*Asks:* 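Input: one structure, supplied below.
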Amino acid sequence: MTIRLLCILLSLSLLSNSVFAYVVIEGFKMPESVIEDKDGNIYVSEIGERDVDKDGKITMIDKSGNLATIVDDLYDPKGLVLFDNKLYVTDRDVVVEVDIENKTSAVYAGTMQFPRSPVFLNDIDVDDKGNLYVSDSGDFKSTGQIFVIKTSGEIETIFEDERNLVKAPNGLLLDGDTLYVLDWAGEFFEADLNKKSFKKIAEGFNGGDGIAKVKDTFFLSSWLEGKLYKLIAGKAELINDKFEAAADISLSQDNKKVYIPDMKAGTLTILDVN
């Protein structure tokens, strides 16, 4: 793998009138999701070749830039989240738990445990108790759903009444008792987990994929359009439109960088947003 460090002035016609430094790491096979741990290690899910079984894997990039495979033999690993030094990853129609230290994996939530058979498990997030929230994008038209996998092992479908609003949920982000949902159809939703309320707060992100948040600023990616947006108070600003397929983004631990996997390009871009 090759690491290229680039510092450039981005023109107004392409992005915003700001200077962004970024690092591009090349050589991944359909990288979909990324997350950084408290020690600065970065984990990337790689789907591998399309329609090829068990060639997916999780790759770790340590603070020195060294790469290592944590686990392989996965199908199509996508969303990643960390909890108690374990990785949880959506893999087609199951959720897999990865023991980072021992480099082992096992199915954490199997297909038959779900109240409705999952079709296309996509993103995942976790609350401070270890309950997992998982999106199922369904047929990417109208059959999507959102599950919560409780630490007890029970799995529930949540916000069922909003299925006419959320057509193909992709990106998920938990912020306290609020769950943010980015739909593949391009709409961005805010859900109150206590009040069970659900409302649209923005739109226009066709092929919506990943969500990241710093204070009141959201970063949203569009897989279909290869774009990264910044959203403040409902107003979207284009940051970058030069990705081939910007997938499930995340923030660094210090909230100063956005990690953007580009599935089609096979790269991971680390963008300094300060």
Side-chain angles (χ1 to χ4, degrees), residues 28-35 44-58 71 73-81 87-98 105 107-126 132-149 155-160 162-174 179-189 191 205-211 220-226 244-250 261-264:
F28 298 99
K29 289 186 177 180
M30 294 186 70
E32 206 283 336
S33 186
V34 58
I35 194 166
V44 180
S45 60
E46 297 187 60
I47 292 174
E49 299 292 337
R50 192 179 298 275
D51 299 324
V52 176
D53 288 347
K54 307 195 80 171
D55 68 335
K57 64 180 180 178
I58 308 298
V71 293
D73 214 29
L74 301 176
Y75 286 89
D76 295 317
K78 297 178 183 70
L80 287 173
V81 73
L87 280 169
Y88 294 89
V89 54
T90 57
D91 193 19
R92 285 191 182 173
D93 54 1
V94 302
V95 173
V96 173
E97 180 185 76
V98 177
S105 64
V107 172
Y108 182 77
T111 307
M112 300 305 294
Q113 294 174 249
F114 288 84
R116 291 175 175 159
S117 296
V119 177
F120 195 96
L121 295 183
N122 211 327
D123 201 12
I124 187 169
D125 207 350
V126 64
L132 298 171
Y133 290 77
V134 182
S135 65
D136 177 3
S137 299
D139 63 4
F140 286 85
K141 294 178 181 178
S142 61
T143 60
Q145 50 199 330
I146 301 171
F147 300 105
V148 57
I149 305 172
I155 304 177
E156 294 181 356
T157 305
I158 60 175
F159 299 112
E160 294 181 74
E162 280 70 30
R163 286 171 64 88
N164 61 331
L165 282 177
V166 181
K167 301 172 180 63
N170 191 347
L172 299 181
L173 179 69
L174 274 168
L179 178 68
Y180 294 98
V181 182
L182 183 58
D183 197 275
W184 181 258
E187 297 172 313
F188 188 41
F189 298 93
F205 313 102
N206 188 29
D209 202 315
I211 312 169
L220 308 173
S221 64
S222 164
W223 192 97
L224 278 178
E225 298 180 345
E244 293 184 44
D248 187 19
I249 64 175
S250 68
D262 189 329
M263 279 181 59
K264 290 185 179 180

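Since the model is a prediction, treat every value here as computed from it, not as a measurement. We use all heavy atoms of the structure for the numbers below, so side chains are in, but hydrogens, waters and symmetry mates are not.
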*Asks:* Please report the closest heavy-atom contact between Pro169 and Gly144, naming both atoms and the distance.
*Replies:* CD-CA, 3.6 Å
*Asks:* Do Ile211 and Phe188 make a side-chain contact, defined as non-hydrogen atoms from C-beta onward lying under 4.5 Å apart?
*Replies:*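 In contact.
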*Asks:* Is a donor on one side and an acceptor on the other found under 3.5 Å between the side chain of Ser222 and the backbone of Phe205?
*Replies:*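 Here the side-chain-to-backbone pair does not exist.
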*Asks:* Please report the shortest heavy-atom distance between Pro31 and Pro261, naming the atom on each side.
*Replies:* O-CB, 3.6 Å
*Asks:* Of all residues at least two apart in sequence or in a different chain, which pass the salt bridge (charged side-chain N to carboxylate O under 4.0 Å, His left out) check with Lys54?
*Replies:* Asp73
*Asks:* Just one of Leu174, Val81, Val181 clears the side-chain contact (heavy atoms from CB on, under 4.5 Å) bar with Tyr133, so which one?
*Replies:*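 It is Leu174; the other options fail the test.
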*Asks:* Salt bridge or not for Arg92 and Asp53, using N-O below 4.0 Å?
*Replies:* yes
*Asks:* Would you please classify the geometry between the Tyr108 ring and the Tyr88 ring as parallel, tilted or perpendicular, with 30° and 60° separating the classes?
*Replies:* perpendicular
*Asks:* Are any non-hydrogen side-chain atoms of Ile149 and Phe114 less than 4.5 angstrom apart?
*Replies:*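 Yes - at least one pair of side-chain heavy atoms lies under 4.5 Å apart.
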*Asks:* Assess whether side chain to side chain donor-acceptor pair (under 3.5 Å) is satisfied between Asp93 and Thr111, documenting all intermediate values.
*Replies:* CA-CA 6 Å; Asp93 54 1; Thr111 307; 3.3 Å; yes
*Asks:* Before you tell me yes or no, could you show the steps for Ile35 and Leu87 under side-chain contact (heavy atoms from CB on, under 4.5 Å), namely the whole-Å CA-CA distance, both residues' side-chain angles and the distance that decides it to 0.1 Å?
*Replies:* CA-CA 9 Å; Ile35 194 166; Leu87 280 169; 4.0 Å; yes
*Asks:* Any salt bridge (charged side-chain N to carboxylate O under 4.0 Å, His left out) pairs touching residues 133-144, not counting sequence neighbours?
*Replies:*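 Residue pairs with at least one partner in residues 133-144: there are none.
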*Asks:* Using a 4.5 Å cut-off on heavy atoms from C-beta on, say whether the side chain of Lys167 contacts that of Glu187.
*Replies:*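 Of all side-chain heavy-atom pairs linking Lys167 with Glu187, at least one is under 4.5 Å.
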*Asks:* Does any part of the side chain of Ile155, heavy atoms only, come nearer than 4.5 Å to the side chain of Pro115, both counted from C-beta?
*Replies:* yes
*Asks:* Main chain of Gly138, side chain of Thr143: is a donor-acceptor contact present, judged purely on distance under 3.5 Å?
*Replies:* no
*Asks:* Give me the atom names and distance for the closest heavy-atom approach of Val94 to Gly110.
*Replies:*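 Residues Val94 and Gly110, closest heavy atoms: CG1-CA, 4.0 Å.
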*Asks:* Is there a side-chain contact between Leu173 and Asp125 (heavy atoms, below 4.5 Å)?
*Replies:* yes
*Asks:* Rounded to the nearest 0.5 Å, what separation is found between the CG atom of Asp248 and the OG atom of Ser45?
*Replies:* 7.5 Å
*Asks:* For residues Pro77 and Gly56, report the shortest heavy-atom separation together with the two atoms involved.
*Replies:* CD-CA, 3.7 Å
*Asks:* Specify the closest pair of heavy atoms between Ser105 and Val98, including all atoms of both residues, with the distance to one decimal.
*Replies:* CB-CG2, 4.1 Å
*Asks:* Taking the side chain as C-beta and beyond, is there a heavy-atom pair between Leu224 and Trp184 under 4.5 Å?
*Replies:*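 Leu224 reaches Trp184 side chain to side chain.
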*Asks:* To the nearest 0.5 Å, what is the distance between CZ on Phe120 and OG1 on Thr90?
*Replies:* 8.5 Å
*Asks:* Walk me through whether Val89 and Val96 qualify under side-chain contact (heavy atoms from CB on, under 4.5 Å).
*Replies:* CA-CA 5 Å; Val89 54; Val96 173; 3.7 Å; yes
*Asks:* Please confirm whether the backbone N or O of Ser135 pairs with a side-chain atom of Asn122, one donor and one acceptor, at under 3.5 Å?
*Replies:*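 It does not hold such a pair.
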*Asks:* How long is the span from the CG atom in Leu220 to the CG atom in Asn170, to the nearest 0.5 Å?
*Replies:*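 Output value for this atom pair is 11.5 Å.
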*Asks:* Is a side-chain donor or acceptor of Asp183 paired with a backbone partner of Ala168 at a separation under 3.5 angstrom?
*Replies:* yes
*Asks:* State whether the side chain of Asp262 and the backbone N or O of Ala246 hold a donor-acceptor pair below 3.5 Å, judged by distance alone.
*Replies:* no
*Asks:* Can you measure from CD (Gln145) to OG (Ser137) and round to the nearest 0.5 angstrom?
*Replies:* 10.0 Å
*Asks:* Take Lys78 and Asp123, measure what side-chain contact (heavy atoms from CB on, under 4.5 Å) needs, and give me the verdict at the end.
*Replies:* CA-CA 7 Å; Lys78 297 178 183 70; Asp123 201 12; over 6 Å; no
*Asks:* Output the distance between atom CG (Asp209) and atom CG (Leu182), rounded to the nearest 0.5 Å.
*Replies:* 7.5 Å
*Asks:* Applying side-chain contact (heavy atoms from CB on, under 4.5 Å), run through Glu32 and Leu80 and close with a yes or a no.
*Replies:* CA-CA 9 Å; Glu32 206 283 336; Leu80 287 173; over 6 Å; no
*Asks:* Hey, could you give me the CD/CD1 distance between Glu46 and Ile58, rounded to the nearest 0.5 Å?
*Replies:* 8.5 Å
